[in-house]
Amino acid sequence: MKEVTFIRRNIEKWKETEKVVEQADKLTPDRLADAYTELTADLAFAQTHYPSSRITIYLNNLASALHNVLYRNKKEKWTRIFTFWTQEVPQTMYYARKELLISALIFLASVLVGIVSAANDDNFVRLILGNGYVDMTLDNIARGEPMAVYNGSDEVPMFLGITLNNIMVSFNVFAMGLLTSFGTGWLLFNNGVMLGAFQTFFFKHGLLGESMLAVWLHGTLEIWAIIVAGAAGLALGNGWLFPGTYSRKESFMRGAKKGLKIIVGTVPVFVMAGFIEGFITRHTELPDFLRLSIILLSLAFIIYYYIYLPNRKNHGITKT
């Protein structure tokens with residue numbers, strides 16, 4: 001590659017790195033580390049191909065400045081526990097926006113598969129949800145309590161059990177990224193097909209509206225958190241499957257770090273979803289307006305925290 005081409009391709013990135021050095025006190029350690037890793041890769045390339053060039057001297061000086069910022073001794077503030085969820089997770093979600101989009105598309109496609117399959121084959125629902133669950137739900141429908149499954153146990157044990165189970169499911173979706181992105185994609189597909197078959201089952205019994213008010217009361221947060229966990233798994237799997245210009249080990253470590261931060265960030269979302277399912281969903285006698293309001297508030301939180309806030313945080317970093 002000619003030196004002028006190398007400079008033209010990377011000059012904007014280096015300008016952003018200069019801003020990172022200037023604003024180091026406002027940025028997370030991960031953001032600084034990512035910038036340093038990218039810069040040292042460019043420096044190594046320049047030292048190999050243009051050892052006597054002024055651009056090599058420039059990159060070396062910039063790398064030294066960033067190195068000093070990155071490795072200086074600094075005590076961690078106790079406020080990190082708050083800035084992790086208010087700053088670091090949204091920023092990480094911005095850099096994982098492609099994985100999040102792919103995860104959402106896989107899940108939506110699998111939901112459609114579940115809907116079409118259940119609509120054309122009554123036995124498909126039993127295959128996916130199991131005979132025990134289907135027979136129990138049919139009995140509940142016959143008694144006029146189609147959502148009775150949600151009040152089958154006391155609130156606190158149900159809340160704890162559901163929350164722990166959902167967190168385990170999300171970590172499994174993330175960990176399946178070790179089997180490449182296809183492992184995570186497969187779990188997303190299974191969960192999506194199950195949701196599509198479930199909703200179609202109630203639609204066939206004329207209970208789609210009631211089932212959606214009950215299921216999406218907690219499912220808005222729960223399903224979205226699984227999709228986010230899918231993004232974490234894809235980041236992990238893509239890390240070593242598509243290393244790009246990094247070594248496979250370095251790429252894997254970067255993907256694992258990004259994915260782990262994303263998956264830890266979903267824990268409060270699962271806790272809130274479990275609380276709603278354990279304490280509120282069981283009350284099907286609540287006014288539809290109230291239940292719909294909770295669903296819309298959950299949706300508003302998702303849009304704000306996972307879409308608006310990551311873009312605003314990144315805008316603040318690059319444009320200030």
A.B. asks: List for me each residue that meets salt bridge (Lys or Arg N to Asp or Glu O under 4.0 Å) alongside Asp122, sequence neighbours excluded, and say none if there are none.
C.D. replies: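 Partners of Asp122 by the salt bridge (Lys or Arg N to Asp or Glu O under 4.0 Å) criterion, ordered by chain and then number, come out as Lys204.
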A.B. asks: Can you list every pair that meets side chain to side chain donor-acceptor pair (under 3.5 Å) and has a residue in residues 163-173, with sequence neighbours left out?
C.D. replies: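 Only Asn166-Glu222 qualify under side chain to side chain donor-acceptor pair (under 3.5 Å).
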A.B. asks: For Pro268 versus Gly265, what's the shortest heavy-atom pair and its separation?
C.D. replies: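 Closest approach of Pro268 to Gly265: CD-O, 3.5 Å.
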A.B. asks: Under the ring pair (Phe, Tyr, Trp, His ring centres under 6.0 Å) rule, collect the residues that match up with Phe201, sequence neighbours excluded.
C.D. replies: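 Ring pair (Phe, Tyr, Trp, His ring centres under 6.0 Å) check on Phe201 returns His205.
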A.B. asks: Distance-only, no hydrogens or angles: does the Asp154 side chain make a donor-acceptor pair with backbone N or O of Val156 under 3.5 Å?
C.D. replies: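 Not at all, since once roles are kept as given, no pair shorter than 3.5 Å links the two residues.
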A.B. asks: Taking ring pair (Phe, Tyr, Trp, His ring centres under 6.0 Å) as the cut-off, I'd like each qualifying pair that reaches into residues 4-24, sequence neighbours left out, listed once.
C.D. replies: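 Sorted result for residues 4-24: Phe6-Trp14, Phe6-Phe45, Phe6-Tyr50.
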A.B. asks: Going by the rule ring pair (Phe, Tyr, Trp, His ring centres under 6.0 Å), which residues pair with Tyr150 if we only count those two or more places apart in sequence or in a different chain?
C.D. replies: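 With sequence neighbours excluded, Tyr150 shows a ring pair (Phe, Tyr, Trp, His ring centres under 6.0 Å) to His218, given in chain and number order.
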A.B. asks: Do Leu178 and Ile226 sit in the same hydrophobic cluster, where Ile, Leu, Val, Met, Phe, Trp and Tyr count as joined when their side-chain heavy atoms come under 4.5 Å apart?
C.D. replies: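 Same cluster.
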A.B. asks: Sequence neighbours left out, what pairs pass ring pair (Phe, Tyr, Trp, His ring centres under 6.0 Å) with at least one residue falling in residues 255-276?
C.D. replies: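 Sorted pair list: Phe275-Phe279.
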A.B. asks: Using the test salt bridge (Lys or Arg N to Asp or Glu O under 4.0 Å), find all partners of Glu3 that sit at least two apart in sequence or belong to another chain.
C.D. replies: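 With neighbours one apart ignored, the set is empty.
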A.B. asks: With sequence neighbours excluded, what pairs up with Glu145 under the salt bridge (Lys or Arg N to Asp or Glu O under 4.0 Å) test?
C.D. replies: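 Glu145 satisfies salt bridge (Lys or Arg N to Asp or Glu O under 4.0 Å) with Arg143 only.
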A.B. asks: Among all residues two or more places apart in sequence or in another chain, which pass the side chain to side chain contact (heavy atoms under 4.5 Å, CB included) test with Leu105?
C.D. replies: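 Result, side chain to side chain contact (heavy atoms under 4.5 Å, CB included) vs Leu105: Leu101.
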A.B. asks: With sequence neighbours left out, what residues match Glu99 under salt bridge (Lys or Arg N to Asp or Glu O under 4.0 Å)?
C.D. replies: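 Once residues adjacent in sequence are excluded, the partners of Glu99 under the salt bridge (Lys or Arg N to Asp or Glu O under 4.0 Å) criterion are Lys258.
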A.B. asks: By side chain to side chain contact (heavy atoms under 4.5 Å, CB included), which residues pair with Ile302, not counting sequence neighbours?
C.D. replies: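 For Ile302, the residues satisfying side chain to side chain contact (heavy atoms under 4.5 Å, CB included) (neighbours in sequence not counted) are Thr220, Leu221, Trp224.
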A.B. asks: Listing request: all side chain to side chain donor-acceptor pair (under 3.5 Å) pairs with a residue in residues 103-117, at least two apart in sequence or in separate chains.
C.D. replies: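 Side chain to side chain donor-acceptor pair (under 3.5 Å) check on residues 103-117 returns no pairs.
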